[in-house]
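Working notes, structure below.
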Amino acid sequence: MIGADTHDPHALESRLVSTGAERLALLGKHAEALMAGYTRDEVPLAALSEAALRKLLAARILWRPDEQGGVKLAPKVRELIAEMLADESRRHVNADVAETLELLRSLVQSYREARDLGEHWRQEQHLLRLRQEVDDLNGRFADAIDSLWQRLNSDFGFVSRLNDKIRENDRAQKQIVRLLDGLALIDFDELIELVGSDGALRKLLISQLQQQLSQHYTGLREVQRRLIELMARFRQQQSRSRLVAGMAAFLREHPGFVPGNYARRSEVPALVNRATPLTAAAAPALDRHLDVKVLTELLHRLPAPPHKPQTVTAAGPAEAQEASLVAARQQALKQDVERFYLTVIDHDGEALSALAYLRASDMAWTDEIWLFQVIAEFQGLPRGEQCAFRLHQEESQASPFNHLRLIHDVHLQLALPA
């Protein structure tokens, strides 16, 4: 019976449910005593009976650090209460990604073994565990980011001293670095190789996880930007408050000090003289005879231009010499191709290679231009004259992934009547 109960999945599930219900009932029954232990250093034993204390210690809800000390809340229970109360000063977020990744690898291996053996119930259980672990991982990162926002809007935002502000900022920045290091441990190439072609695993560990991690990265960037913005704003306010505090201390030491009229002083201190200087607008008055002489002298004193003016020759008519050379080359190419066709006719049905003819004739045309002109000349013939020739192209495919056909040579022969 013991062996049967161990391997019975329904018995194992029912035992877990009953144990969990018992632990939750203990938490609810002794909630006041547990909350008193949360707010204080130790749990008050006067509110607990001997039987209740033994049950709480056995359930690992309470623990005793030493024999002489009192009973305290277990760290997990204290963290659970802090999480439910959103107590940011006591809540500790632990995003241990490496341990979770090891567990995910083990669960994936167990899932694949159950699938290969056809054990569908075990396969569903492992898939459920995988979903829960992925949700827990994302939940830890989301809680860490939420904790940072809570600290920004509470503790960090209302710290009045510069040193406290710097320490709080440094603590938040280090937590962001730890979270980013944890996110960097997730290697999707390894996960793709691990899950293989299984659709459920790929959807859970690749597509959904990647989308959720992208949201976590975005949230961390926003938190970091807000941290820098708040720190810069506080430094600006701190510099202004220091200036006011220094002026107040100076007035306390010199109660008879009266600020002078800086507007009537010839030498204004640099600290006060912060206004932008004005540039007076001026324009020459050509209708005043007194200014004509001054303007004439200024005009004569203008420096001469550094370069001499260049004479521009008249442009002559454009010559069509280059266009005529191109037309002559095209006409020569056409005549050489026509001689090739006449040679094909003289050979009485023997196929001639266009490139072989080009090299035997010792002409200066390139292979591409020569083949292009041979094919163009054939396509330019009337339909009746095209039937008198047979054009065969030696071609091949460019690559297995490219269906472009490359022409290497052209064979032309006279179509003899049957």
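Predicted model only: the values in this text are computed from it and were never measured. Position 1 is the first residue of the sequence; numbering continues from there.
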So OG of Ser197 and CD1 of Ile192: to nearest 0.5 Å the spacing works out to 13.0 Å
Would you say Asn402's side chain and Ala398's backbone share a donor-acceptor pair under 3.5 angstrom?
no
Taken in chain and number order and not counting sequence neighbours, the residues that satisfy salt bridge (charged side-chain N to carboxylate O under 4.0 Å, His left out) with Lys174 are Asp170
- Report yes or no: does Gln386 contribute a side-chain atom to a donor-acceptor pair with the main-chain N or O of Phe378 at less than 3.5 Å? yes
Taken to the nearest 0.5 Å, the spacing of Leu194 CG from Asp187 CG works out to 11.0 Å
Closest non-hydrogen contact found for Leu191 with Ile206 is CB-CD1, 3.7 Å
Residues, nucleotides or ligands: over 12 heavy atoms within 6.0 Å of Arg405 CZ: yes
### Verdict with reasoning, Ile176 to Leu227, per side chain to side chain contact (heavy atoms under 4.5 Å, CB included)
CA-CA 11 Å; Ile176 291 176; Leu227 280 172; 3.6 Å; yes
(message) Check this for me: does any side-chain nitrogen of one of Arg225 and Glu229 sit under 4.0 Å from a carboxylate oxygen of the other?
(response) yes
Tell me yes or no: between the side chains of Glu377 and Tyr341, is some donor less than 3.5 Å from an acceptor? no
When rounded to the nearest 0.5 Å, the distance separating CZ of Phe389 from CD of Gln413 is 11.0 Å
Those residues at least two apart in sequence (or on a different chain) that pass salt bridge (charged side-chain N to carboxylate O under 4.0 Å, His left out) with Glu32 are none
(Q) Less than 4.5 Å apart, side chain to side chain, heavy atoms only: is that true for Leu391 and Gln379? (A) no
Nearest heavy-atom contact between Ala354 and Val374 is CB-CG2, 4.4 Å
Do the side chains of Leu412 and His392 get nearer than 4.5 Å, heavy atoms only? no
- Polar side-chain atom of Trp149 near backbone of Val223 as donor-acceptor pair, under 3.5 Å: no
Correct closest heavy-atom pair for Val43 and Ala33 would be CG1-O, 3.8 Å
Do any N or O atoms from the side chain of Glu395 and from the backbone of Leu406 form a donor-acceptor pair under 3.5 angstrom?
no
query = Going through the checks in order, is the side chain to side chain contact (heavy atoms under 4.5 Å, CB included) test met by Leu205 and Val108?
reply = CA-CA 10 Å; Leu205 296 178; Val108 168; 3.8 Å; yes
Contacts satisfying salt bridge (Lys or Arg N to Asp or Glu O under 4.0 Å) that involve residues 200-211 (not counting sequence neighbours) are none
task: Determine whether Leu62 and Leu34 make a side-chain contact, defined as any pair of heavy atoms from C-beta on separated by less than 4.5 Å.
output: yes
(request) Answer whether the closest heavy-atom distance between the side chains of Glu394 and Ile407 falls below 4.5 Å. (result) no
**Study point:** Intermediate values then yes/no, side chain to side chain contact (heavy atoms under 4.5 Å, CB included), Val97 and Leu183
**Key:** CA-CA 7 Å; Val97 183; Leu183 289 173; over 6 Å; no
- Query: Can you tell me if CD on Gln211 sees more than 12 non-hydrogen neighbours from other groups inside 6.0 Å?
  - Reply: no
Would you check if the side chain of Tyr217 reaches a backbone N or O of Leu180 as a donor-acceptor pair within less than 3.5 Å?
no
Close side-chain approach of Leu204 to Arg131, heavy-atom, < 4.5 Å: yes
Phe250 meets the ring pair (Phe, Tyr, Trp, His ring centres under 6.0 Å) criterion, sequence neighbours left out, with His254, Phe257
Notebook entry, point to check: Looking at side-chain heavy atoms only, is the closest gap between Gln123 and His120 below 4.5 Å?
Noted result: yes
Between Gln173 and Ile228, the two heavy atoms sitting closest are NE2-CG1, 4.2 Å
Residue pairs meeting salt bridge (Lys or Arg N to Asp or Glu O under 4.0 Å), one or both in residues 117-126, sequence neighbours left out, come to Glu119-Arg122
| message | Do Arg329 and Leu325 have side chains that approach each other closer than 4.5 Å (heavy atoms only, starting at C-beta)? | response | no
Checklist entry - If you count the non-hydrogen atoms of other residues, nucleotides and ligands that lie under 6.0 Å from CZ in Phe372, is the total more than 12? => result no
Hits for salt bridge (charged side-chain N to carboxylate O under 4.0 Å, His left out) against Glu113, two or more places apart or cross-chain, chain-then-number order -> none
So side-chain hydrogen bond (donor to acceptor under 3.5 Å, both in side chains) across residues 352-367, not counting sequence neighbours, yields Asp336-Trp365, Ser353-Asp409, Arg359-Asp367
One should read off an interatomic distance between Asn138 CG and Leu209 CG, to the nearest 0.5 angstrom, of 6.0 Å
By side chain to side chain contact (heavy atoms under 4.5 Å, CB included), Glu193 pairs with (sequence neighbours left out) none
Sorted by chain and residue number, the salt bridge (charged side-chain N to carboxylate O under 4.0 Å, His left out) partners of Asp198 (sequence neighbours excluded) come out as Arg115
The side chain to side chain contact (heavy atoms under 4.5 Å, CB included) partners of Thr19 (sequence neighbours excluded) come to Arg15, Arg23
Margin query: For a 4.5 angstrom cut-off between non-hydrogen side-chain atoms, does Phe340 reach Leu352?
Written below: yes
Scanning both residues in full, the closest heavy-atom pair of Ala388 with Leu414 reads O-CD1, 3.3 Å
So CG of Leu342 and NE2 of His347: to nearest 0.5 Å the spacing works out to 12.5 Å
Here the gap from Ile186 atom CD1 to His216 atom NE2, rounded to the nearest 0.5 Å, amounts to 8.0 Å
The side chain to side chain contact (heavy atoms under 4.5 Å, CB included) partners of Ala25 (sequence neighbours excluded) come to none
| said: Can you confirm whether Arg105 is buried at CZ, in the sense that more than 12 heavy atoms of other residues, nucleotides or ligands lie under 6.0 Å from that atom? | reply: yes
Query raised in the report: Can you check whether Ser214's main-chain N or O pairs, donor with acceptor, with Thr218's side chain at less than 3.5 Å?
Result: yes
Phe188 meets the ring pair (Phe, Tyr, Trp, His ring centres under 6.0 Å) criterion, sequence neighbours left out, with none
Heavy-atom nearest pair, Ala59 first then Leu26, reads CB-CD1, 4.0 Å
Would you please test Leu404 and Gln397 for side chain to side chain contact (heavy atoms under 4.5 Å, CB included) and show each step? CA-CA 6 Å; Leu404 178 68; Gln397 189 173 338; over 6 Å; no
